[in-house]
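Comments concern the structure below.
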Number of protein chains: 2
Amino acid sequence: MNPQEIIINYARKLVPLTDEEGEQFAAAFKEQRVKKRQFIIQPDFTAKSRYFVLNGSLRAYVIGEEGQDHTIQLAVEEWWISDYNSYIFQQPARMFVIAMEDSLLLQLTHEQESRLKDENHKFETFFRMLAERSVAFMQRRIISSLTQSAEERYELFVEKYPAMAYRFPQYVIASYLGMTTEFLSKIRNQRVKPKS
Amino acid sequence: MNPQEIIINYARKLVPLTDEEGEQFAAAFKEQRVKKRQFIIQPDFTAKSRYFVLNGSLRAYVIGEEGQDHTIQLAVEEWWISDYNSYIFQQPARMFVIAMEDSLLLQLTHEQESRLKDENHKFETFFRMLAERSVAFMQRRIISSLTQSAEERYELFVEKYPAMAYRFPQYVIASYLGMTTEFLSKIRNQRVKPKS
DNA sequence: CTTCAGGAATGAAGTAGATTAGGAAAAGAA
DNA sequence: TTCTTTTCCTAATCTACTTCATTCCTGAAG
């Protein structure tokens, strides 16, 4: 499947599109290849685009006071990534977004997205649904952080996203789940051992 | 200002509406009075509506394994509240939503919202923007929970929402910020003392 | 006025998870 | 291959925060 087909297919999971609408939608995106460790978003610059991952993986993070990094979002195939606070309000970003592997992305600029939404009600609906899904996703993450222990959060994560749990290095998972890499190491090895 | 004017005014902060469109928008809502401690959403029932607060205050929370409650969302005048995971996907709720004071709400059912979005592109835009703002808001909360200590989270909260910080009982604020009421008490009293 | 319930304060003891510091593997790069 | 960098592990110590237990405070209801 080529990139255009993939993004059209994806969009059709949320809204029905004619072939013509599909093409119109896909035409708003631009393919972008990024190499491992390349940044696509950096603090103080406004995030002009959001990105859809065709293949590869990325990570959004912020740097805390004492230099530790905290993973805000992860993305693999068929996920979106950006600094949304920056993208939505077109304000300077706080986050880094970096490629974890050589990746192929579809870039959608804020302008192109606006144009799409103006052109066709269905595209507006699409982005509304996308945002609502993010809300639901983030709410689950907030609930998890409020109600669960580090170990429970990790188990839930592995259960829901087994592919991610081994694709990203451990320090990334740990900082995504809000714990240190040392502690995650402990949890992982406790889980394996019990062969009594 | 009457309830209709308030909600129209509110909507106009996000999208321009003619007087006629404003009326059409407001007509989709139904006023609802709730008394302190009354539930408007309960686990296992599907959240049929979302609510806009005209006056009063509400709180959404989940009950953890050991019976502690965790505040997921707070709402005062001009805020919205519901169990969004339930509302958006029309699935059984996990949360309680309860009135903290006698309150006056505008209820918008899922059906009425759908009708609005179908009738006029502008309403679809409105709800898209609402969802995007939630995304940004929740992202900030996630960042705060990952990067800040209990004390820092509280200080940020007081700074951004000073009105809420004293309107809600302390145990509510504490469980919203992810700490115990005892610990918040300690933080508060440390902050006041230093008169050296 | 009491009585009672919801909420807040305080302090002692316990613990989940962080920090620190060491080194061992993987995995790239040369 | 060898060198370098990145990632992971182990274990001891430390601390931010929880738990538990008790007392205090306030306002509303009788």
Side-chain angles (χ1 to χ4, degrees), chain A residues 35-38 56-57 59 61 63-71 74 96 98-102 144-158 164-194, chain B residues 35-39 57 59 61 63-71 74 96 98-102 144-158 164-194:
Chain A
K35 299 212 67 99
K36 183 169 179 175
R37 246 156 278 192
Q38 184 179 332
S57 60
R59 159 175 183 252
Y61 64 98
I63 302 273
E65 307 276 285
E66 289 88 19
Q68 312 120 298
D69 66 42
H70 303 275
T71 301
L74 296 173
F96 294 90
I98 191 172
M100 298 300 292
E101 315 169 23
D102 292 355
S144 173
S145 84
L146 287 176
T147 62
Q148 300 186 296
S149 68
E151 182 164 1
E152 289 167 333
R153 273 176 276 143
Y154 176 66
E155 309 225 314
L156 184 66
F157 181 80
V158 170
M164 287 197 181
Y166 289 96
R167 182 157 178 186
F168 290 100
Q170 163 172 291
Y171 74 88
V172 169
I173 308 288
S175 83
Y176 178 79
L177 293 174
M179 67 188 82
T180 59
T181 179
E182 292 90 339
F183 195 67
L184 178 52
S185 170
K186 199 179 290 182
I187 289 173
R188 275 186 167 165
N189 296 322
Q190 269 167 10
R191 274 162 47 85
V192 178
K193 263 185 227 157
Chain B
K35 299 214 68 102
K36 182 169 178 173
R37 246 156 277 192
Q38 184 179 333
F39 290 99
S57 60
R59 160 175 182 252
Y61 64 98
I63 303 274
E65 307 276 285
E66 290 88 18
Q68 311 120 297
D69 65 42
H70 303 275
T71 300
L74 296 173
F96 294 89
I98 191 173
M100 299 299 293
E101 316 170 23
D102 293 354
S144 172
S145 84
L146 287 176
T147 62
Q148 301 187 296
S149 68
E151 182 163 2
E152 288 168 333
R153 273 177 274 143
Y154 176 67
E155 308 225 316
L156 184 66
F157 181 79
V158 170
M164 286 196 182
Y166 289 96
R167 183 154 175 189
F168 290 99
Q170 162 173 291
Y171 73 89
V172 169
I173 308 288
S175 81
Y176 178 79
L177 294 174
M179 67 188 82
T180 59
T181 179
E182 292 92 334
F183 196 66
L184 178 52
S185 168
K186 218 164 281 182
I187 289 173
R188 274 185 167 166
N189 295 323
Q190 269 167 11
R191 273 162 48 85
V192 177
K193 262 184 226 156

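Remember, it's a predicted structure, so these values are computed and weren't measured experimentally. Just so we're on the same page: letters track the sequence lines, and every chain starts at 1.
- The side chain of B:R153 lies closest to D:dC17 when the candidates are C:dG17, C:dG7, D:dC17.
- Between B:Y61 and B:V172, every side-chain heavy-atom pair lies at or beyond the 4.5 Å cut-off.
- Applying the salt bridge (charged side-chain N to carboxylate O under 4.0 Å, His left out) test to pairs two or more places apart or on separate chains, those with a residue in residues 164-178 of chain B are B:E77-B:R167, B:E101-B:R167.
- Remark: A:R153 pairs with no residue by the side chain to side chain donor-acceptor pair (under 3.5 Å) rule, at least two apart or across chains.
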At under 4.0 Å between heavy atoms, which parts of nucleotides 18-30 of chain C does protein reach? Answer with one letter per nucleotide, 5' to 3': B base, S sugar-phosphate only, - none.
-> SBB----------

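- Between the NE2 atom in A:H70 and the OG atom in B:S144 there is a gap of 11.0 Å [rounded to 0.5 Å].
- When rounded to the nearest whole Å, the span between CD1 of B:I173 and P of C:dG7 equals 12 Å.
- When the P atom of D:dT15 is taken as reference, atom CD of A:E66 falls 15 Å away, rounded to whole Å.
- In this structure, CG of B:D69 is placed 14 Å from P of C:dG6, rounded to the nearest angstrom.
- Rounded to whole angstrom, the span from the CE atom of A:M100 across to the P atom of D:dT6 amounts to 12 Å.
- When heavy atoms are screened at a 4.0 angstrom cut-off, B:S149 is found touching the sugar-phosphate backbone but no base atom.
- For the pair B:D69 (side chain) and B:I63 (backbone), a donor-acceptor distance under 3.5 Å is absent.
- In terms of the side chain to side chain donor-acceptor pair (under 3.5 Å) criterion, residue partners of B:T181 (sequence neighbours excluded) are, by chain and number, B:Q170.
- By the side chain to side chain donor-acceptor pair (under 3.5 Å) test, A:T147 is found to be paired with no residue, residues two or more places apart in sequence or in another chain being considered.
- Taking atom CG of residue B:N189 and atom P of nucleotide D:dC24, one finds them 16 Å apart after rounding to whole Å.
- Regarding B:I187, its CD1 atom lies at a distance of 14 Å from the P atom of C:dA8, rounded to whole Å.
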Step by step, work out the side chain to side chain contact (heavy atoms under 4.5 Å, CB included) result for A:Y176 and A:R59.
-> CA-CA 10 Å; A:Y176 178 79; A:R59 159 175 183 252; over 6 Å; no

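- Rounded to whole Å, the distance from OH on B:Y166 to C1' on C:dG7 is 15 Å.
- The side chain of A:P169 lies closest to D:dC8, out of C:dA9, D:dT10, D:dC8.
- The distance between atom CZ of A:R167 and atom P of D:dT7, rounded to the nearest whole Å, is 15 Å.
- Contact annotation: A:Q170 reaches the phosphate of D:dC9 (side-chain N/O to OP1 or OP2, under 4.0 Å).
- Using a 4.5 Å cut-off on side-chain heavy atoms (C-beta onward), B:S57 and B:M164 make no contact.
- Taking the C1' atoms of five terminal pairs at each end of the helix from C:dC1-D:dG30 to C:dA21-D:dT10, the two resulting helix axes are inclined by 30°, rounded to 10°.
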